[in-house]
Protein chains: 2
Amino acid sequence: MTISSRGAATIEEVAAVAGVSRSTVSRVVNGSTAVSAEAREAVQEAIARLNYVPNRAARSLASSVTLAIALVVPEDTTRFFGDPFFAAIVSGINSVIRDSDYVLNLLIASDDAGEKMTSYVRGGNVDGAIIVSHHTSDTFIDRIAAAVPVVYGGRPVRERPNDYYIDVDNRAGAADATAHLIAKGRRNIATITGPLTMPAGVDRLDGFHDAMNDAGLTPVGTADGNFTANGGATAMREILDTGVRPDAIFVASDLMARGAMSVLQSSGLRVPEDVAIVGFDDSPVATGVVPQLTTMRQPSFSQGRAMAATLLQILGGEEPTHATIMSTELIDRDSA
Amino acid sequence: MTISSRGAATIEEVAAVAGVSRSTVSRVVNGSTAVSAEAREAVQEAIARLNYVPNRAARSLASSVTLAIALVVPEDTTRFFGDPFFAAIVSGINSVIRDSDYVLNLLIASDDAGEKMTSYVRGGNVDGAIIVSHHTSDTFIDRIAAAVPVVYGGRPVRERPNDYYIDVDNRAGAADATAHLIAKGRRNIATITGPLTMPAGVDRLDGFHDAMNDAGLTPVGTADGNFTANGGATAMREILDTGVRPDAIFVASDLMARGAMSVLQSSGLRVPEDVAIVGFDDSPVATGVVPQLTTMRQPSFSQGRAMAATLLQILGGEEPTHATIMSTELIDRDSA
DNA sequence: ATGAAAGCGCTAACAC
DNA sequence: GTGTTAGCGCTTTCAT
């Protein structure tokens, strides 16, 4: 299945039909202003007639621009696809990319330690990269960032002055969530955290501590739920197994909260009567559990859009804001 | 950020360092056998020394091969990312693609009716496409299939003699699941289906009917759960609202089963005592619910691998099997 | 405003 | 077995 066998029109043929030179066709395709109205019209007509689509390989070769962006997923596939948070992020990214000339190359880190991924990016195959999550162990990220412009989802692990990233104020959000629990009269509060190898995990734990300290309270339990539903369930059991029974828990993601709630409920504990829960994300799972989850909303779709928009700006030669921090909002439902 | 500004080595430079011609370098890079051992070694050394990575645009232009594969997602992002079934599929696809020279271009249909997607594929930008799910309304798929080789995940909506697809025997699996319920002594059986605009939805419903007919039973309820957890919950409510109380339900996906179970349980019905449930997929959600779900296992990861392997074979000029049907297996847990 | 011409880095006949 | 040569389809000076 070669290109020519499908008989795709070339710029040369368009030029012939329009009665102009290749250069002129190229100019109108690329939106140059220096083209007469008649010429432009003739070219556009020829393009439509021949159903012309520029060959991106040729364009890339001639201009050293690939019009491709790497969507780097340094994440276990199950985690990535299992969390509605990422769904919203990618959806946002896609909504911006779709309206541009760029395409997304899906690069999943998986178990190859990023070797092939790195050489792909460094081999000049993409113009930039969007890195949707980031762990301390992801050392290959640095090599990617050294090769092409990068936008991170969330504060990068080792922040550098010139990094671009989109984040929410995780620390403030977590503090707000915890404060809500305290305001409800709860005093024996535990937390289920994300992985502490991720900035989001650390920041939300810090926010939890901020609010607890402000209230003069000491956490009655802390467990890592790995940002997954199963991890949240395991963490919940861990906390229960210590013998203390918290009357409230700040859970750093909705997915983990779902896991925790099912353990609570099958232990005969009522939510929120016995144990109040506040989650984080306000993803679809928040309204899919019973009782519906009180949670911190983060604008995931907008975050995705902002990530893509920022990268496009960089690639367009602009100088966007380096750190965009969006804010979170408490969504008060029934679990706390 | 141009390629040349990053000083990437070209084939010419490698040739110079190795003391051979470009052609010879090209031969060793592409694994031609017609190269002497010394030449091969010299070239490989030069490649390593210069950190040479072939420019894929140039290669593509010269050979009319893009080394890119479209991963077409004709699915609402939330559904796609929210279902662990797709996670396993994509994970399988990725595990094969990763070891090849191909990359995946992520094309999400979303709301543009596939217009840009179609012109992208028809524009000669990919060598083939993997279509991970398929609805009757996805008319743009035909135009994609007309342009490049395509492998479908699941029987395509309008099957043609030359289609390639990987599927499981949904009908037999659904029948087995239903037969299990019947064998447990249940007689008032309902089903929650996937969208009947999808072959998997239809086939599983057919299998359900097969088993019911074989046992001389009449379904006490049928509702569409849209292959989502929330949809499963809604469908469960619908069935309950009709006034009949089934003593068993075949639910055509684990995700829907989770939704259905939560409705059942918050209605005070016990699983499996009052209502037995068999799901479909054996995805991680099956073991994440209480009680753990009895379900039909389908080899999702293998399906993904087979999809990618089949496409690679086609692109390599081989003639793989057109329809690969994998079998399902009852995983007997606690919900039935 | 437009055209001519020179590549971009690579593959693939074709000759030797 | 290896080198020479002619493009692949496009962008981009540079003239005009």
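Predicted, not measured: the structure shown is a model, and the values here were computed from it. All chains are named by letter (A, B, ...) in the order of the sequence lines, taking the proteins before the strands, and each is independently numbered beginning at 1.
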Asker: For a quick check, tell me whether the side chain of B:R22 and the base of D:dT4 share a donor-acceptor pair closer than 3.5 Å.
Answerer: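 Answer no: no donor N or O sits under 3.5 Å from an acceptor.
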
Asker: Show your working on side-chain contact (heavy atoms from CB on, under 4.5 Å) between A:V132 and A:Y152 and close with a plain yes or no.
Answerer: CA-CA 6 Å; A:V132 294; A:Y152 297 89; over 6 Å; no

Asker: Do any of residues 43-51 of chain B sit with a heavy atom less than 4.0 Å from DNA chain C, and if so which?
Answerer: none

Asker: Take the protein atom CZ of A:R56 and the nucleotide atom C1' of D:dT11, then report the distance between them rounded to whole Å.
Answerer: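 Between C1' of D:dT11 and CZ of A:R56: 15 Å.
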
Asker: Provide, to the nearest angstrom, the distance between the CG atom belonging to A:L61 and the P atom belonging to D:dG9.
Answerer: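 Going from A:L61 (CG) to D:dG9 (P), I get 12 Å.
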
Asker: Taking only the side-chain heavy atoms of B:S21 (C-beta and beyond), determine which of D:dG3, C:dC10, C:dA12 contains the nearest atom.
Answerer: D:dG3

Asker: Nearest to the side chain of B:N55, heavy atoms from C-beta on, is which of C:dC10, D:dG9, D:dT2?
Answerer: C:dC10

Asker: Roughly how many Å is it from CD in B:E41 to P in D:dT2, rounded to a whole number?
Answerer: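 It is 13 Å, rounded to the nearest whole Å.
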
Asker: Tell me whether B:S95 contacts the main-chain N or O of B:G92 through its side chain, where contact means a donor paired with an acceptor under 3.5 Å.
Answerer: yes

Asker: Could you point out which residue of B:L107, B:I141, B:V151 forms a side chain to side chain contact (heavy atoms under 4.5 Å, CB included) with B:I131?
Answerer: B:I141

Asker: Phosphate oxygens OP1/OP2 of D:dC10: is one of them under 4.0 Å from a side-chain N or O of A:S26?
Answerer: no

Asker: Looking at every strand, decide which applies to A:A39 at a 4.0 Å heavy-atom threshold: base, sugar-phosphate, or nothing.
Answerer: sugar-phosphate

Asker: Extract from the structure each pairing of a protein N or O with an N or O of nucleotides 13-16 of chain C at less than 3.5 Å, listing the distance.
Answerer:
none

Asker: Applying ring pair (Phe, Tyr, Trp, His ring centres under 6.0 Å), name anything that partners A:Y164, two or more places apart in sequence or on another chain.
Answerer: A:H322

Asker: How close or far is atom P of D:dC10 from atom CG of A:D101, stated in whole angstroms?
Answerer: 14 Å

Asker: As a test of reading the structure: which of C:dG3, D:dT2, D:dG9 is closest to the side chain of A:V20, going by heavy atoms?
Answerer: C:dG3

Asker: Just checking, any donor-acceptor pair under 3.5 angstrom between side chains of A:T197 and A:T136?
Answerer: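 No, no side-chain donor-acceptor pair sits under 3.5 Å.
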
Asker: What I want to find out is whether A:R158 reaches A:D142 closely enough, with some N-O distance under 4.0 Å, to be called a salt bridge.
Answerer: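 Salt bridge present between A:R158 and A:D142.
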
Asker: State, without any angle test, whether A:E159 and A:Y165 hold a side-chain donor-acceptor pair at a distance under 3.5 Å.
Answerer: yes

Asker: Does the side-chain contact (heavy atoms from CB on, under 4.5 Å) test come out yes or no for A:D167 and A:T324, once each step is laid out?
Answerer: CA-CA 6 Å; A:D167 207 348; A:T324 301; over 6 Å; no

Asker: Of all the nucleotides listed (D:dG9, C:dA1, C:dC10), which has the minimum atom distance to the side chain of A:S36?
Answerer: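 The answer is C:dA1.
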
Asker: So, B:N30 versus B:R59: side-chain donor-acceptor pair below 3.5 Å or not?
Answerer: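 Side chains of B:N30 and B:R59: pair found under 3.5 Å.
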
Asker: Can you tell which of C:dG9, D:dT2, C:dC10 lies closest to the side chain of B:T24?
Answerer: D:dT2

Asker: Are OP1 or OP2 of D:dG9 and a side-chain N or O of A:R59 less than 4.0 angstrom apart?
Answerer: no

Asker: Whole angstrom is fine here: how far is it from CG in A:N30 over to C1' in D:dT13?
Answerer: 15 Å

Asker: Taking atom P of C:dC8 as reference, at what distance in whole Å does atom CD of B:E12 sit?
Answerer: 9 Å

Asker: Specify the separation, in whole Å, of atom CD of A:E38 and atom C1' of C:dA1.
Answerer: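 The distance from CD of A:E38 to C1' of C:dA1 comes to 10 Å, rounded to the nearest Å.
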
Asker: On DNA chain D, check which nucleotide each of A:P54 and B:R40 is closest to and give me the residue with the more 5' one.
Answerer: B:R40

Asker: How far apart are the closest heavy atoms of B:L106 and B:V73, and which atoms are they?
Answerer: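 Shortest heavy-atom separation between B:L106 and B:V73 comes out as CD1-CG2, 4.1 Å.
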
